[in-house]
Q: 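Questions regarding the structure given below will be posed in turn.
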Amino acid sequence: MKESDKNIEQLIEKMMAEEKLQSPSIDFTFQIMAKVELLEEKKLKTYKPLISKPVWILMGLAIVALVIYISLFSVSENNLKIDEIGKLYSDKIANSFSGIHFSKNIMYAILIVPFMILVQVGILKNYFDKKYEL
């Protein structure tokens, strides 16, 4: 070994002998555990669907009510064929919306907005899945 290395070792040993061991504060463990518990609470997120069960039930009931309403008030003869019933429903729906006219801009928005919402939902789902991975 070189002479300078020996001097450095002696200096380090002297400094270590003079220096006391540091001990943590009395409530050190409590503080660390409080921080760990806080992190665990942040990680635990309960799954909440975007559309709740009562809303799904309400939407289902509305669709069933709509079908019953159309079938009760649009079918006047009891012995109609299935093709005639389908045509009757489509004619009834077409007549309901025949007085509404949209501009081209509105039609483009109606076609593009749902597509963009689907894209954003997919991107946001991936983002939050990666963010809250366990």
Side-chain angles (χ1 to χ4, degrees):
M1 259 205 229
K2 296 180 186 176
E3 185 67 28
S4 63
D5 289 342
K6 288 182 183 179
N7 289 339
I8 291 175
E9 283 185 30
Q10 289 174 357
L11 179 64
I12 291 174
E13 286 177 12
K14 184 178 176 183
M15 290 175 62
M16 294 294 283
E18 292 174 0
E19 197 63 37
K20 284 192 210 177
L21 289 176
Q22 295 180 352
S23 61
S25 63
I26 295 172
D27 60 344
F28 175 76
T29 305
F30 177 74
Q31 290 176 356
I32 296 296
M33 291 308 294
K35 290 179 181 177
V36 169
E37 289 174 2
L38 183 64
L39 287 174
E40 289 296 322
E41 288 177 8
K42 286 183 179 179
K43 284 184 182 178
L44 295 176
K45 298 285 182 182
T46 57
Y47 173 74
K48 293 180 183 176
L50 292 176
I51 302 174
S52 64
K53 286 183 183 180
V55 174
W56 279 113
I57 292 170
L58 186 66
M59 287 178 9
L61 290 174
I63 291 171
V64 169
L66 181 66
V67 169
I68 291 172
Y69 175 77
I70 290 173
S71 63
L72 288 178
F73 293 109
S74 65
V75 179
S76 58
E77 299 177 16
N78 292 335
N79 54 359
L80 290 176
K81 294 182 182 176
I82 293 181
D83 294 336
E84 293 173 354
I85 292 174
K87 186 173 188 247
L88 190 61
Y89 283 140
S90 63
D91 288 344
K92 185 80 170 175
I93 292 171
N95 288 337
S96 299
F97 295 108
S98 64
I100 300 173
H101 299 286
F102 295 112
S103 69
K104 283 187 178 182
N105 292 339
I106 298 294
M107 289 304 293
Y108 290 145
I110 289 172
L111 294 174
I112 292 174
V113 167
F115 174 74
M116 295 306 293
I117 288 172
L118 289 175
V119 169
Q120 287 179 0
V121 165
I123 291 171
L124 287 173
K125 183 182 182 312
N126 287 336
Y127 171 76
F128 284 113
D129 285 347
K130 288 178 184 176
K131 185 176 180 181
Y132 294 111
E133 266 183 3
L134 295 176

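Predicted model, so just to flag it, every value in this text is computed and none were measured. For this chain, numbers begin at 1 and follow the sequence in order.
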Q: Please identify each residue that fulfils side-chain hydrogen bond (donor to acceptor under 3.5 Å, both in side chains) with N126, with sequence neighbours left out.
A: none
Q: Could I get the full list of side-chain hydrogen bond (donor to acceptor under 3.5 Å, both in side chains) partners for S25, not counting sequence neighbours?
A: D27
Q: Hey, what else clusters with M16 if you join Ile, Leu, Val, Met, Phe, Trp, Tyr whenever side-chain heavy atoms sit under 4.5 Å?
A: I8, I12
Q: Listed by chain and number, what are the side chain to side chain contact (heavy atoms under 4.5 Å, CB included) partners of I106, not counting sequence neighbours?
A: F102, S103, I110
Q: How would you list, by chain and number, every residue that makes a side chain to side chain contact (heavy atoms under 4.5 Å, CB included) with V119, sequence neighbours excluded?
A: F115, I123
Q: How is the hydrophobic cluster of M15 composed, in terms of its other members, when Ile, Leu, Val, Met, Phe, Trp and Tyr link through side-chain heavy atoms under 4.5 Å apart, directly or indirectly?
A: L11
Q: Could I get the full list of side chain to side chain contact (heavy atoms under 4.5 Å, CB included) partners for S52, not counting sequence neighbours?
A: P54, V55
Q: How far does CZ of F128 sit from NZ of K131, to the nearest 0.5 angstrom?
A: 6.0 Å
Q: Suppose we screen for salt bridge (Lys or Arg N to Asp or Glu O under 4.0 Å). Which residues come up paired with K125, at least two apart in sequence or across chains?
A: D129
Q: Is the CD1 atom of I51 crowded by more than 12 outside heavy atoms at less than 6.0 Å?
A: yes
Q: Show the nearest heavy-atom pair for residues P114 and A109, with the distance to one decimal.
A: CD-O, 4.1 Å
Q: For I117, what are the other residues in its hydrophobic cluster, where any two members join if their side-chain heavy atoms are less than 4.5 angstrom apart?
A: V113, V121
Q: Are I57 and V64 connected in a single hydrophobic cluster, I mean Ile/Leu/Val/Met/Phe/Trp/Tyr linked by side-chain heavy atoms less than 4.5 Å apart?
A: no
Q: Does F30 sit in a hydrophobic cluster with other residues, and if so which ones, taking ILVMFWY side chains as linked at heavy-atom separations under 4.5 Å, directly or through other members?
A: none
